[in-house]
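Each remark here refers to the structure printed beneath this line.
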Amino acid sequence: MTQSTGPLSGVRVVEMVGIGPGPFAAMLLADLGADVIRIDRPGGNALQVAPPERDILGRNRPSAAVDLKTSEGVELVLQLVERADILLEGFRPGVMERLGLGPEVALERNPRLVYGRMTGWGQTGPLASSAGHDVNYIAVAGGLDPIGRAGGPPQVPLNLLGDFAGGSMYLVTGVLAALTHARGTGEGQVVDAAITDGVAHLMAMTVSMQQSGAWSPRRGTNLLDTGAPFYDVYETSDGYWMSVGGLEPQFWYAMQEVFASVGLGDLPDRNDPKNWAELRETLRTWFLSRTQEEWTALFAGTDACVAPVVPLEEAYEHPHHVARGTYVEEYGVTQPAPAPRFSATGTGIHQAPDRPGASTREALTAWGIEDVDDLIENKVAVENEEN
């Protein structure tokens with residue numbers, strides 16, 4: 001198995017495989033060069049959004065299937081913990097403890113370990129043991145209610161805001177900060193990454209506006225929630241959309257210049273909210289007069305902050321993304337390239353997503369586990385598990 005030479009090269013991570021934000025966090029660490037071993041359950045996870053070999057969240061790290069219902073399986077994971085810098089887990093509070101793999105046991109075996117815990121509600125609080133998903137977490141954290149148009153219901157922003165922004169990214173930030181501390185002091189610790197905490201933290205700017213009276217509790221009436229007609233999307237004649245984001249005056253004037261160049265008239269004064277209804281209707285009518293391709297060409301090279309709303313399947317081939325290699329095809333799958341980018345330490349996609357247990361023997365051997373053959377023969381570790 002080829003290892004990356006990214007900025008986290010040499011960092012070892014044990015990933016207790018879950019769903020969604022946990023695997024994404026592990027993928028990000030692996031993309032950046034960490035040596036991550038996925039500990040799968042025999043048979044894989046109950047919830048799969050794609051066949052394992054095409055599940056992008058599983059890339060860049062091998063899978064070892066381990067039977068954690070056996071004491072030998074638990075001991076095997078603890079041997080990996082002894083060799084690790086970071087452990088990631090995303091189970092409900094108490095599950096790892098019941099398995100015999102809780103923080104107290106793990107840190108006793110490896111005092112330098114960073115023990116990263118990913119949950120929706122956190123390790124403490126009245127909701128800690130409750131089930132939930134992204135939409136529930138962002139709802140309670142205050143992130144869902146403001147999203148949507150005036151007079152309409154809250155709009156669910158995929159699972160980007162909760163699982164991945166408020167969850168995965170804060171878990172990665174937390175474990176890397178704790179790793180810096182551990183390398184400087186020899187002291188490991190537990191990182192409690194709750195999606196509700198992360199979403200609340202992401203709301204810092206909106207909270208500032210709300211606290212200062214610059215944000216209305218009425219959905220879809222504010223500067224950044226489609227309340228302002230100059231920060232919105234407009235349909236084109238071919239059923240596509242254009243995004244308009246000319247908040248600053250110079251960008252707004254640049255947009256007006258493009259409209260003037262094709263013979264369209266003056267826009268109402270946007271500085272008076274009384275004009276916003278007329279302004280919105282004017283923009284709606286004007287954008288409906290041409291196709292998305294025509295508008296994109298007209299706005300190209302300007303500072304108008306007007307851009308096409310590109311469907312996902314077309315984003316792969318957008319010229320900007322092609323030039324930067326933002327989306328790449330590796331192992332027969334189109335996927336986002338590792339991000340961010342580094343000037344001195346390269347990143348890359350060096351391993352296709354594994355089926356659960358597809359690399360059990362190789363992964364355990366690479367981590368220095370002895371008697372791998374016996375572990376497989378006794379079904380403590382399961383090799384090449386099909387599902």
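By convention here, the first residue in the shown sequence is residue 1.
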Does Arg341, at its CZ atom, have more than 12 non-hydrogen atoms belonging to other residues, nucleotides or ligands within less than 6.0 Å? yes
Is the backbone N or O of His133 less than 3.5 Å from a side-chain atom of Asn136, with the two atoms forming a donor-acceptor pair by type? yes
Do you know which two heavy atoms are closest between Leu144 and Pro157, and how far apart they sit? CD1-CD, 4.2 Å
Side-chain donor-acceptor pair present, Arg61, Gln351, cut-off under 3.5 Å: no
Hey, is the main chain of Ala141 close enough, under 3.5 Å, to the side chain of Thr196 for a donor-acceptor pair? no
More than 12 non-hydrogen atoms from neighbouring residues, nucleotides or ligands closer than 6.0 Å to CD on Glu313, yes or no? yes
Measure the spacing between CG of Leu224 and CD1 of Ile147 and express it to the nearest 0.5 Å. 11.5 Å
Could you check, using the six-membered ring where one of them is a Trp, whether His201 and Tyr170 have ring centers closer than 6.0 angstrom? yes
For Leu29 versus Leu88, what's the shortest heavy-atom pair and its separation? CD1-CD1, 3.9 Å
If you measure from CG on Asp371 to CD on Glu377, what distance do you get to the nearest 0.5 Å? 11.0 Å
Evaluate Leu101 against Val81 for side chain to side chain contact (heavy atoms under 4.5 Å, CB included), listing each step before the verdict. CA-CA 9 Å; Leu101 294 169; Val81 163; 5.7 Å; no
Between Leu161 and Asp134, what is the shortest heavy-atom contact and its length? C-OD2, 4.3 Å
Do Ile19 and Leu57 have side chains that get closer than 4.5 Å, going by heavy atoms? no
Does Thr326 reach the main-chain N or O of Val322 with its side chain, forming a donor-acceptor pair under 3.5 Å? no
Strictly distance-based, threshold 3.5 Å: is any side-chain N or O of Asp40 a donor or acceptor partner for the main-chain N or O of Ser63? no
Same apolar cluster: Ile376 and Ile39, side chain cutoff 4.5 Å: yes
Inspect the contact between Glu89 and Arg38 and indicate whether a charged nitrogen and a carboxylate oxygen are less than 4.0 angstrom apart. no
Closer than 4.0 angstrom, basic N to acidic O: yes or no for Arg355 and Glu53? yes
Would you say the side-chain atoms of Asp354 and Ser359 include a donor-acceptor pair closer than 3.5 Å? yes
Between Leu375 and Leu76, is there a side-chain heavy-atom distance shorter than 4.5 Å? yes
Can you tell me if Asn60 uses its side chain to pair, donor with acceptor, with the backbone of Ala352 under 3.5 Å? no
Less than 4.5 Å apart, side chain to side chain, heavy atoms only: is that true for Leu32 and Val172? no
Tell me, yes or no, whether the heavy-atom count around Glu293 atom CD, taken from other residues, nucleotides or ligands under 6.0 Å, exceeds 12. no
Test your reading of the model: is there a side-chain donor-acceptor pair from Ser243 to the backbone of Ala307, 3.5 Å cut-off? yes
In the single-linkage hydrophobic clustering (I, L, V, M, F, W, Y; side-chain heavy atoms under 4.5 Å), do Leu80 and Val114 co-cluster? no
Got more than 12 heavy atoms from elsewhere within 6.0 Å of CG, Asp303? no
May I ask you to test the Val244-Tyr231 pair for a side-chain heavy-atom distance under 4.5 Å? no
Check the hydrophobic clustering (I, L, V, M, F, W, Y; side-chain heavy atoms under 4.5 Å; chains of links allowed) and say if Ile349 and Phe342 are grouped together. no
Quick one, Arg219 with Asp225, criterion salt bridge (charged side-chain N to carboxylate O under 4.0 Å, His left out). Give me CA distance, side-chain angles, the key distance, then yes/no. CA-CA 7 Å; Arg219 186 182 309 112; Asp225 63 357; over 6 Å; no
Using 30° and 60° as the class limits, which term best fits the ring planes of His320 and His318: parallel, tilted or perpendicular? perpendicular
More than 12 heavy atoms from other groups under 6.0 Å of CD on Glu235: yes
Between the side chains of Thr226 and Asp232, is a donor N or O closer than 3.5 angstrom to an acceptor N or O? no
If the threshold is 4.0 Å, N to carboxylate O, is there a salt bridge linking Arg59 and Asp31? yes
I would like to know whether Thr119 and Ile195 meet side chain to side chain contact (heavy atoms under 4.5 Å, CB included); could you show each step before the answer? CA-CA 6 Å; Thr119 57; Ile195 293 174; over 6 Å; no
Is it the case that more than 12 heavy atoms not belonging to Glu104 sit under 6.0 Å from its CD atom? no
Checking Thr291 side chain against Asp238 main chain: does a donor-acceptor pair fall under 3.5 Å? no
Between Asp269 and Asn275, is there a side-chain donor-acceptor contact under 3.5 Å, judged purely by atom types and distance? no
Shared ILVMFWY cluster between Val191 and Met16, side chains joined below 4.5 angstrom? no
Determine whether a donor-acceptor pair (N or O, by modelled atom type, separation under 3.5 Å) exists between the side chain of Thr365 and the backbone of Glu362. no
Please tell me if the side chains of Leu78 and Val105 come closer than 4.5 Å, counting only heavy atoms from C-beta onward. yes
Reference residue Phe259; test ring-ring contact (aromatic ring centres under 6.0 Å, His included); the match among Trp286, Trp252, Tyr253: Trp286
With side chain to side chain contact (heavy atoms under 4.5 Å, CB included) as the criterion, how do Val262 and Leu298 come out once you've worked through the C-alpha distance, each side chain's angles and the decisive distance to 0.1 Å? CA-CA 9 Å; Val262 293; Leu298 285 168; 3.8 Å; yes
Give the minimum heavy-atom separation between Ala65 and Thr360, together with the two atoms involved. N-OG1, 3.1 Å
Within 45° of the axis and under 6.0 Å from the centre of the six-membered ring of Trp295, does NZ or CZ of Arg290 qualify? yes
Under a 4.0 Å N-O cut-off, is there an ion pair linking Asp85 with Arg12? no
Take Leu283 and Met255 through the side chain to side chain contact (heavy atoms under 4.5 Å, CB included) test and state the conclusion after the steps. CA-CA 11 Å; Leu283 290 173; Met255 184 177 73; 4.1 Å; yes
Assess whether a salt bridge exists between Asp373 and Arg361, defined as any Lys/Arg side-chain N lying under 4.0 Å from an Asp/Glu carboxylate O. yes
Closest heavy-atom pair and its distance - Pro353, Pro52: CB-O, 3.2 Å
Taking Arg109 first and then Glu75, would you say they form a salt bridge - that is, a charged N and a carboxylate O separated by under 4.0 Å? yes
Measure the shortest side-chain to side-chain distance between Asp35 and Trp367 over non-hydrogen atoms and say whether it is less than 4.5 angstrom. yes
Would a distance-only check, ignoring hydrogens and angles, find a side-chain to backbone donor-acceptor pair under 3.5 Å from Ser9 to Gly6? no
Any donor-acceptor N/O pair, Glu108 side chain to Pro103 backbone, under 3.5 Å: no
Count I, L, V, M, F, W, Y as connected when their side-chain heavy atoms are under 4.5 Å apart, and connections chain through other members. Are Val190 and Val11 then in the same cluster? no
Validation row, ring centre Tyr234 to ring centre Tyr240 under 6.0 Å: no
Going by heavy atoms in the side chains, are Glu329 and Gln335 under 4.5 Å from each other? no
Are the side chains of Phe230 and Trp276 in contact, using a 4.5 Å heavy-atom criterion? yes
Heavy-atom pair of closest approach, residues Ala128 and Gly122: CB-O, 3.4 Å
Verdict with supporting geometry, Glu97 and Arg117, salt bridge (charged side-chain N to carboxylate O under 4.0 Å, His left out): CA-CA 12 Å; Glu97 284 83 350; Arg117 315 198 80 169; 3.0 Å; yes
